[in-house]
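Proteins come first, then strands; the chains are lettered A, B, ... in the order of their sequence lines, and each starts at number 1. Being a predicted model, the structure only gives us computed values, none of them experimental.
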Amino acid sequence: MDLGSVFQDAMREAVGVRAAAYALAAVGLNVHFGYTGLLNFGHVGFMMVGAYGTAMTVEHGGPFWLGLLVGVLAAVALGLLLGLPTLRLRADYLAIVTIAVAEILRLTARSNVLEPFTRGVFGITNFADSFYAVNPFSPGRYHVWGTWSYDERTIWVMMVGWSAVIIISLLLLMLMRSPWGRVLRSIREDEDAARSLGKNVFSYKLQSLVLGGVIGAFAGMLLAFDTQAVNPDTYLPILTFYAYAVVILGGPGRIMSPIVGAVIFWFLLEFTDGGLRGAVDAGWFGGILDGAGIGAVRFALVGLGLMLLMIFRPQGIFGNKEEVLLDER
Amino acid sequence: MRRIVLLITVGLFLLGSAIPAGAQQTEGESLKGTLRQSDDEHTLVSGVIITVSAGGELIGSDVSDENGVWEIGLPEPGFYEIEISVDMLPEGVSLTDPEKTVLENVEVRPGQHKTVIFPFGEVATTDRGPLERFLNLCVKGLTFGVIVALASIGLSLIFGITGLVNFAHGELVTFGAIAAWFFNASGAGPGLHLVLAVLPALVLAGALGAALETGLFRPLRRRHAGTIPLIVVSIGLSLFLRHIYLLFMGGAPRAYDQYALQVEHSFGPVSMPPKDLVIVLLGLAVLGVVGLVIRYTRWGTAMRAVADNKDLAEASGIDVEQVVLRTWVLGTALAGLGGVFYGITQTVRWNMGFVLLLTIFAAVILGGIGTAFGAVVGGILIGITTEASTFWIPVELKFAVALGVLILVLLIRPQGIFGLKERVG
């Protein structure tokens, strides 16, 4: 087994487009979960309306910029729709409702009824040509090291993605240091205390939900631009849980955590994947594990990791133990 | 039981299968499909000729291989007619609509490899009146509802006494179904008759519940873990268990050796396969016994006391940990039984419980979370609602209906039908 190329492949993914998109999704989720303490289990819904907003607008003859706008507005609308009825309820109810709404969106998008608009199970393809038309990179392969290389399209999406992650993170950093951000954290720590100081907790939660949702929509757009395709079955609940793994890995409530979390998450995922694949090819498992099994192993490891992290190190890599504890305060 | 619907289809439900592979790189277009019964690999239909033509001109043809797969390359995007030779179909297999051997005006877009589905099956449903059709849907919904009710009790009781919202509960449902499949139909198992295989499966399911409680959730409770971290832990557990199942049994749906296919019997205006009737009666009996246990035994009283006020219960000499443990065992065993029933009406799949999870949540919240009786009523109501809703709306949206009900309940009466108002924060 060639560990060197496994490592190079893993590094390629660790800073690749999907890592950038997951980082962006995790930034949004961090606003919900890390800063405000909202248990949003339907984050994938925001990603989906972002991607579909753009894709459907372009598919039906609209310009690309309008598509982006529609995607963002759809995320705002979804945030309000989710938040207005549910933010007064307990955390676990919010979790159930958000995951349910995200599933309703997915089932509706793949239904025959809406096929004229959403193209049903086939999804929409080739809607981001305008995005690639302004690609400043000339065609060719850009090598970093060994098998670690990208083509000009990927490197363009990567550049846009990571720039978005950094710009949005910096804006959030300022926002979270403002009085507004302090109120969010006080809600996470003790909702009643914040309320007794005369803060409109409901309104702050709603703003947080919408803000994080819009960032999630950007993440969905990025993923969709990369493949030039949207398909309802991309937006399964598991995507939300990946974003959770990323946030908790980095440490909830920290600016750097989604970025570092996403890089490490994808590195680990690809490294175990490549390593297992190599081991299977070398016959180490003697036919017990095959190619299809590797995918299952890696998902199981994500689950196990999420569980162990939450139990033994809920503050992740960067988090503050004072702020993120397993115990109820 | 679903009608014995035979579909010619591909695994549309597999993630991303419908994405044209790398849209911009792929050259050419094609039409393709897989001839098989939905959800069941045993009924792949091979050796059937499919012909594609455009404007009366023959474009190409293919014979489905031993996996039921066919694919025909196309010269250009456009509109095509696809014909299937019905006379080559195996005995007992026929089109739902025998007249519809040709699919006309199938649009193929540039670069698309389009999947085509021919619906197959019994014609029985088409000649029913609307009232009869509605009644049949309700009966079908009752079967589904009993299954959901069995699966829901554990979630609701465990929430009631420990405050844990267990997102891994769906995996407990799957566990029962897979364990029974192992004892019944797997190559490595002893090949017991399904009725016998259920017993060790339920014992194993109860043991899993006990293991999860003593090994994972009790230590976490001792550390006073908060609601939100516990939910995240249960999500991790769900991911972990589900993919262990996938590793164990593979992605293909499995059927039990007995009761997989049955002919529907008529009972007055409604018709159903006998196994559905047995599931409803047996399920209701089990639910009744559970209700009696909770209502009249000392343990049931203790459980309700713990749910009502843990500290007071402990002060009155109730062994709270013991009660919690027993509730876990009971809850997972019931979930496992629900899983076996679900596996009988559908097939056993590695992710069947996770698919059912949101419906279970809907049932639990509709009935009022924390109460066993609420979970049963909620389950049956949700089951009937989802199935009956297909009278008006497309089948593919029936789960969305259950989730819609869930959201409506939370908006109008968040404590559910039987819940107490103080439970809602």
List the atom of [X], the atom of [Y], and the distance in Å for their closest heavy-atom pair.
{"X": "A/Ala300", "Y": "B/Ile244", "answer": "CB-CD1, 4.2 Å"}
{"X": "B/Leu358", "Y": "A/Ala100", "answer": "CD1-CA, 4.4 Å"}
{"X": "B/Leu246", "Y": "A/Ala296", "answer": "CD2-CB, 3.6 Å"}

At a heavy-atom separation under 4.5 Å, does [X] approach chain B through its side chain, its backbone, both, or neither?
{"X": "A/Leu39", "answer": "side chain"}
{"X": "A/Phe299", "answer": "both"}
{"X": "A/Leu105", "answer": "neither"}
{"X": "A/Pro237", "answer": "side chain"}

To the nearest 0.5 Å, tell me how far [X] [atom1] sits from [Y] [atom2].
{"X": "B/Phe399", "Y": "A/Glu103", "atom1": "CZ", "atom2": "CD", "result": "10.5 Å"}
{"X": "B/Ser234", "Y": "A/Met310", "atom1": "OG", "atom2": "CE", "result": "11.0 Å"}
{"X": "B/Phe240", "Y": "A/Leu308", "atom1": "CZ", "atom2": "CG", "result": "9.0 Å"}
{"X": "B/Leu220", "Y": "A/Ile311", "atom1": "CG", "atom2": "CD1", "result": "4.5 Å"}
{"X": "A/Leu82", "Y": "B/Ile407", "atom1": "CG", "atom2": "CD1", "result": "7.5 Å"}

Contact leader toward chain A among B/Val165, B/Ile393, B/Leu247, where contacts are heavy-atom pairs under 4.5 Å: B/Leu247
Atom group of [X] that falls short of 4.5 Å from chain A, counting heavy atoms:
{"X": "B/Leu410", "answer": "both"}
{"X": "B/Leu237", "answer": "both"}
{"X": "B/Phe167", "answer": "side chain"}
{"X": "B/Leu397", "answer": "side chain"}
{"X": "B/Leu357", "answer": "neither"}
{"X": "B/Ile365", "answer": "side chain"}

Between A/Leu304 and B/Leu239, is any pair of side-chain heavy atoms under 4.5 Å apart?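 A side-chain contact under 4.5 Å is absent here.
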Check whether any side-chain heavy atom of B/Ile235 lies under 4.5 Å from a side-chain heavy atom of A/Phe41, and answer yes or no.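 Side-chain contact under 4.5 Å: yes.
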Before you tell me yes or no, could you show the steps for A/Met307 and B/Leu216 under side-chain contact (heavy atoms from CB on, under 4.5 Å), namely the whole-Å CA-CA distance, both residues' side-chain angles and the distance that decides it to 0.1 Å? CA-CA 10 Å; A/Met307 228 175 6; B/Leu216 182 64; 4.2 Å; yes
